[in-house]
2 protein chains.
Amino acid sequence: MVSAGPARRPEGYDPYAFEPFAVTVDLAVCTVRDGGLHLLLIRRGEEPYKGEWALPGGFVLPRESAGQAARRELAEETGLPDDVVAGLHLEQLRTYSDPDRDPRMRVVSVAYTALVPDLPEPHGGGDAAHAQWVPFGAYGSLAFDHERIVADARDRIGAKFEYTCLATAFCPPEFTLGELQQVYETVWGTALDRPNFRRKVLATPGFVEPVAGAARLTGGRGKPAALYRAGVATALHPPLLRPEGRPS
Amino acid sequence: MVSAGPARRPEGYDPYAFEPFAVTVDLAVCTVRDGGLHLLLIRRGEEPYKGEWALPGGFVLPRESAGQAARRELAEETGLPDDVVAGLHLEQLRTYSDPDRDPRMRVVSVAYTALVPDLPEPHGGGDAAHAQWVPFGAYGSLAFDHERIVADARDRIGAKFEYTCLATAFCPPEFTLGELQQVYETVWGTALDRPNFRRKVLATPGFVEPVAGAARLTGGRGKPAALYRAGVATALHPPLLRPEGRPS
DNA sequence: CTTTTTAATAGTCATGATGACTATAAAGGC
DNA sequence: GCCTTTATAGTCATCATGACTATTAAAAAG
């Protein structure tokens, strides 16, 4: 048995009795651009890892929750208006707490994933004007344990696509089934049969709803595709399983 | 846009520049006893919530990760030998960070779920000799936000049962298919068709493997059931979906 | 203005998994 | 032996799916 140690439950929780922990949030913000999955990254301006790519994020303030901090940081880094940020899908991913993940001090970080449609190039509202979209894999390495976070985010998103309607979060308000399929193919990295994909999506009540009479040319030529909006459903039953086995 | 505040990125991360955060782990340890889902709880010995039920847990020490802290606390609270605890399924659930979740100070807690087979009544090794199994719902309310944590744990376990082989973690080393089915029924709260359940489990390679020649009387009478061990598979494809819709 | 190209949409068909059953086998109690 | 109980074997219709082929509607090429 591990020794509990005399100081395990301090008298009255004296806040300064221990080496303090800092609590931060890290954001894995993903989008689909030009048929590829992209990640919102910043260039670090200070040591350690100065000049390297890192996930946006920052400290949780004394009077906010981690989720509030994540949404605030997202607004700051992307420069989007608050009401847009308020509507985005933000999901707590996991907490990373290795004692040595930050060489300066003990930092515990709560990671969040956000799925956004293809947005204009971000303009940081304040200190983070350097956030930009980078294609998955187009960065060499990331600062801290951020590569691990990104890998976890990717796995989670891929898995959630199987049994939720989350994919519409990557799409603009009105989209074609081809665009929705491309989102799936981009996230999963596999090709899907188009008629079968249509059948599945349309057979799931509330996944998408048609926009009456609307259509749009997809690639400039070919038959115009009907437009759809995200429906009210959130779950997919039965799930839409990836072709081969499990996560990559 | 939210104001960043002048102190958002402190000079050189001075560890004492802010009101410090405490980081704890909370454990939702579940088992199946007498056909019902049980939870490992302790009676709080101090204010706040003195005398009420709470999840076991404790502080993350300066040189350990949250996962290490969870395993250490689990060993301390259950009194199980370290090697047994090392083999148990422990999964990070979610982090709870509401600023007011603990009235004394800012405490961010990383919650873990553990699934254990029906163990002997726990004997706390040290300070927590009061941990005991309580049937789900048989406690009135729980301290802090622990009811929320338990609800999340239950949802997560139910969902994971659909697409993983996790249910065997609730079973002893050798078990009958009837016992495995009862685990599913207990966790999901629904009855399953016995022949169909058998078919599905046996048709999934690596879910269970037969123990050659072994059999056991299940309820005292009736035909003895064959014994199985947990197999090497971890995922279920296609998944074993709950009868009606989604989580409760 | 016809033909070609491209992409969306509509079907078909066989297979596999599933839900709802019925039937048989092996144990104990009487 | 007969009844009860529980495990196990098997049937059958339905539904979802993967792998296709066919048709339609547009733009671009000629």
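Just so it is clear: chains get the letters A, B, ... in the order the sequence lines come, proteins before strands, and each one is counted from 1.
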request  = Please report, rounded to the nearest Å, how far the C1' atom of C:dT18 is from the NE2 atom of A:His237.
outcome  = 15 Å
message = What is the separation between atom CD on A:Gln182 and atom C1' on C:dA7, rounded to the nearest whole Å?
response = 13 Å
query = Side chain of A:Arg194: nearest nucleotide among C:dT9, D:dA19, C:dT18?
reply = C:dT9
query = The side chain of B:Lys200 lies closest to which of these nucleotides: C:dT22, C:dT18, D:dT21?
reply = C:dT18
request  = Mind calculating the distance between NZ (A:Lys223) and C1' (C:dA8) to the nearest angstrom?
outcome  = 5 Å
message = I'd like to know if A:Glu174 and A:Arg229 make a salt bridge, using a cut-off of under 4.0 Å between side-chain N and carboxylate O.
response = yes
ask   = Side chains of B:Leu90 and B:Arg71: closer than 4.5 Å at any heavy-atom pair?
value = yes
N/O donor-acceptor pairs under 3.5 Å from side chains in residues 186-193 of chain B, not counting sequence neighbours:
unit_1, atom_1, unit_2, atom_2, d
B:Thr186, OG1, B:Gly35, O, 3.4
B:Thr186, OG1, B:Gln182, O, 2.7
B:Trp188, NE1, B:Gly158, O, 3.0
B:Asp193, OD2, B:Asn196, N, 3.0
B:Asp193, OD2, B:Asn196, ND2, 3.2

request  = May I ask you to say what B:Ala203 touches in the nucleic acid, namely base, sugar-phosphate or nothing, with a heavy-atom cut-off under 4.0 Å?
outcome  = nothing
remark   = Result for 5'-nearest mapping on DNA chain D, choosing between B:Thr176 and B:Arg199, is B:Thr176
ask   = Could you state the CD-P distance from A:Gln181 to C:dA7, rounded to the nearest angstrom?
value = 13 Å
Lys/Arg-Asp/Glu bridge criterion (N-O < 4.0 Å) met for B:Arg156, B:Asp152 = no
query = With respect to the side chain of B:Arg221, which nucleotide from C:dG28, D:dT8, C:dA20 is positioned closest?
reply = C:dG28
task = Using a strict cut-off of less than 4.0 Å between a Lys/Arg side-chain nitrogen and an Asp/Glu carboxylate oxygen, indicate whether A:Arg94 and A:Asp155 qualify as a salt bridge.
result = no
Spacing of B:Leu202 atom CG relative to C:dA17 atom P, expressed in whole Å = 14 Å
ask   = Which of these nucleotides, C:dC21, D:dA25, D:dT17, is closest to any side-chain atom of B:Asn196?
value = C:dC21
key: Protein-nucleotide distance (B:Asp193, atom CG; C:dC21, atom C1'), rounded to Å   = 8 Å
Atom-to-atom span, CZ of B:Arg198 to P of C:dG19 - whole angstrom = 16 Å
ask   = Between B:Leu241 (CG) and D:dT17 (P), how many Å, whole number?
value = 10 Å
